[in-house]
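Let me begin by presenting the structure, written as structure tokens, before commenting on it.
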Amino acid sequence: QVQLVESGGGLVQAGDSLRLSCVASGRAFGSYAMGWFRQAPGKEREFVAGIAYNSRVTNYANSVKGRFTISRGNTKNTVYLQMNSLKPEDTAVYYCAADDWGAGSASATLYDYWGQGTQVTVNS
């Protein structure tokens, strides 16, 4: 079992930056690929970014490429999502997820564990 807790969300203006964190507890963090997904009101959950268990592969949705960066600190059991140049369309609840020995896939069905989410609101 892995427990995931996100933090770092908030209310910002367009063009601002935020860094989300997700702390994992339970089984060995280093064996999990980690992903960030988001869900806006009335929309389906969508992939944002993923990072392989060994950090050798990262994967981004086209909508966030060049603005968001995913990274992980294995000694801190934490995955981060640095979000720059935020837009109102980035407003959503952001979830982190863990995929055992994965590669940071965009497919939500591959992820075994999910956090509760953190709200990000971007005003225009």
Side-chain angles (χ1 to χ4, degrees):
Q1 284 284 348
V2 174
Q3 292 79 44
L4 304 172
V5 179
E6 303 96 335
S7 63
L11 173 63
V12 297
Q13 300 298 312
D16 286 350
S17 298
L18 276 176
R19 188 176 80 157
L20 305 183
S21 300
C22 173
V23 178
S25 60
R27 284 183 53 192
F29 179 70
S31 69
Y32 285 91
M34 301 299 295
W36 285 97
F37 292 77
R38 66 186 181 187
Q39 187 166 19
K43 295 188 177 181
E44 300 211 345
R45 189 172 297 190
E46 65 174 358
F47 171 76
V48 176
I51 187 166
Y53 73 95
N54 57 11
S55 300
R56 291 179 182 175
V57 176
T58 56
N59 189 18
Y60 295 93
N62 287 336
S63 59
V64 306
K65 275 182 183 176
R67 299 189 298 123
F68 292 10
T69 303
I70 189 170
S71 61
R72 63 190 298 160
N74 284 352
T75 58
K76 296 182 179 180
N77 284 7
T78 303
V79 63
Y80 304 97
L81 185 68
Q82 177 67 42
M83 306 186 296
N84 298 329
S85 302
L86 283 161
K87 304 176 180 180
E89 52 263 43
D90 294 318
T91 295
V93 177
Y94 283 70
Y95 300 89
C96 73
D99 170 19
D100 200 5
W101 298 110
S105 171
S107 175
T109 59
L110 294 178
Y111 290 82
D112 306 294
Y113 304 99
W114 293 81
Q116 294 299 306
T118 184
Q119 176 71 47
V120 172
T121 302
V122 184
N123 283 341
S124 58

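Atom set for the values below is all heavy atoms of this structure, side chains included, hydrogens, waters and symmetry mates excluded.
- With rounding to the nearest 0.5 angstrom, the OH atom of Tyr111 is 11.5 Å from the CG atom of Leu4.
- Residues meeting the salt bridge (charged side-chain N to carboxylate O under 4.0 Å, His left out) test with Arg38, sequence neighbours left out: Glu46, Asp90.
- Note: Gln39 CD to Gln119 CD = 11.0 Å, rounded to the nearest 0.5 Å.
- Within the structure, salt bridge (charged side-chain N to carboxylate O under 4.0 Å, His left out) pairs that include any residue of residues 91-103 comprise Arg27-Asp100 (at least two apart or interchain).
- A donor-acceptor contact shorter than 3.5 Å links the side chain of Thr91 to the backbone of Val122.
- The hydrophobic clustering, which links ILVMFWY residues whose side-chain heavy atoms are closer than 4.5 Å, places Val93 and Val64 apart.
- We find the CE-OG1 distance between Met34 and Thr78 to be 9.0 Å, quoted to the nearest 0.5 Å.
- Sequence neighbours left out, the pairs with a member in residues 57-101 that pass ring-ring contact (aromatic ring centres under 6.0 Å, His included) are Tyr53-Trp101.
- With sequence neighbours excluded, no residue forms a salt bridge (charged side-chain N to carboxylate O under 4.0 Å, His left out) with Asp112.
- The list of salt bridge (charged side-chain N to carboxylate O under 4.0 Å, His left out) pairs with a residue in residues 50-60, not counting sequence neighbours, is empty.
- For residues 34-80, no pair satisfies disulfide bond (SG atoms under 2.5 Å apart), with sequence neighbours left out.
- With sequence neighbours excluded, no residue forms a side chain to side chain contact (heavy atoms under 4.5 Å, CB included) with Glu44.
- Nearest approach of Ala103 to Ala33, heavy atoms of both residues: N-CB, 3.7 Å.
- The backbone N or O of Cys96 lies less than 3.5 Å from a partner atom in the side chain of Glu6, making a donor-acceptor pair.
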Cut-off 3.5 Å, no hydrogens considered: what does the side-chain donor-acceptor table look like for residues 15-22, sequence neighbours left out?
from	atom 1	to	atom 2	distance (Å)
Asp16	OD2	Gln13	N	3.0
Ser17	OG	Asn84	OD1	2.9

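- Evaluation of the side chain to side chain contact (heavy atoms under 4.5 Å, CB included) rule for Ser107 yields Ser105, Thr109, Leu110 as partners, not counting sequence neighbours.
- Within the structure, salt bridge (charged side-chain N to carboxylate O under 4.0 Å, His left out) pairs that include any residue of residues 114-124 do not occur (at least two apart or interchain).
- Between Ala49 and Leu81, the closest heavy-atom pair is CB-CD1, 4.1 Å.
- Hydrophobic cluster membership differs between Val23 and Met83, with clusters built from Ile, Leu, Val, Met, Phe, Trp and Tyr side chains linked at under 4.5 angstrom.
- Within a 6.0 Å sphere centred on CD of Glu89, heavy atoms belonging to other residues, nucleotides or ligands number more than 12.
- With sequence neighbours excluded, the residues satisfying side chain to side chain donor-acceptor pair (under 3.5 Å) with Lys65 are Asn62.
- Two residues are said to be in side-chain contact when any heavy atoms from C-beta on lie closer than 4.5 Å; Arg45 and Trp114 meet this criterion.
- Under the 4.5 Å side-chain contact rule for hydrophobic residues, Val2 and Ile70 share a cluster.
- For Ser124, there are no side chain to side chain donor-acceptor pair (under 3.5 Å) partners, not counting sequence neighbours.
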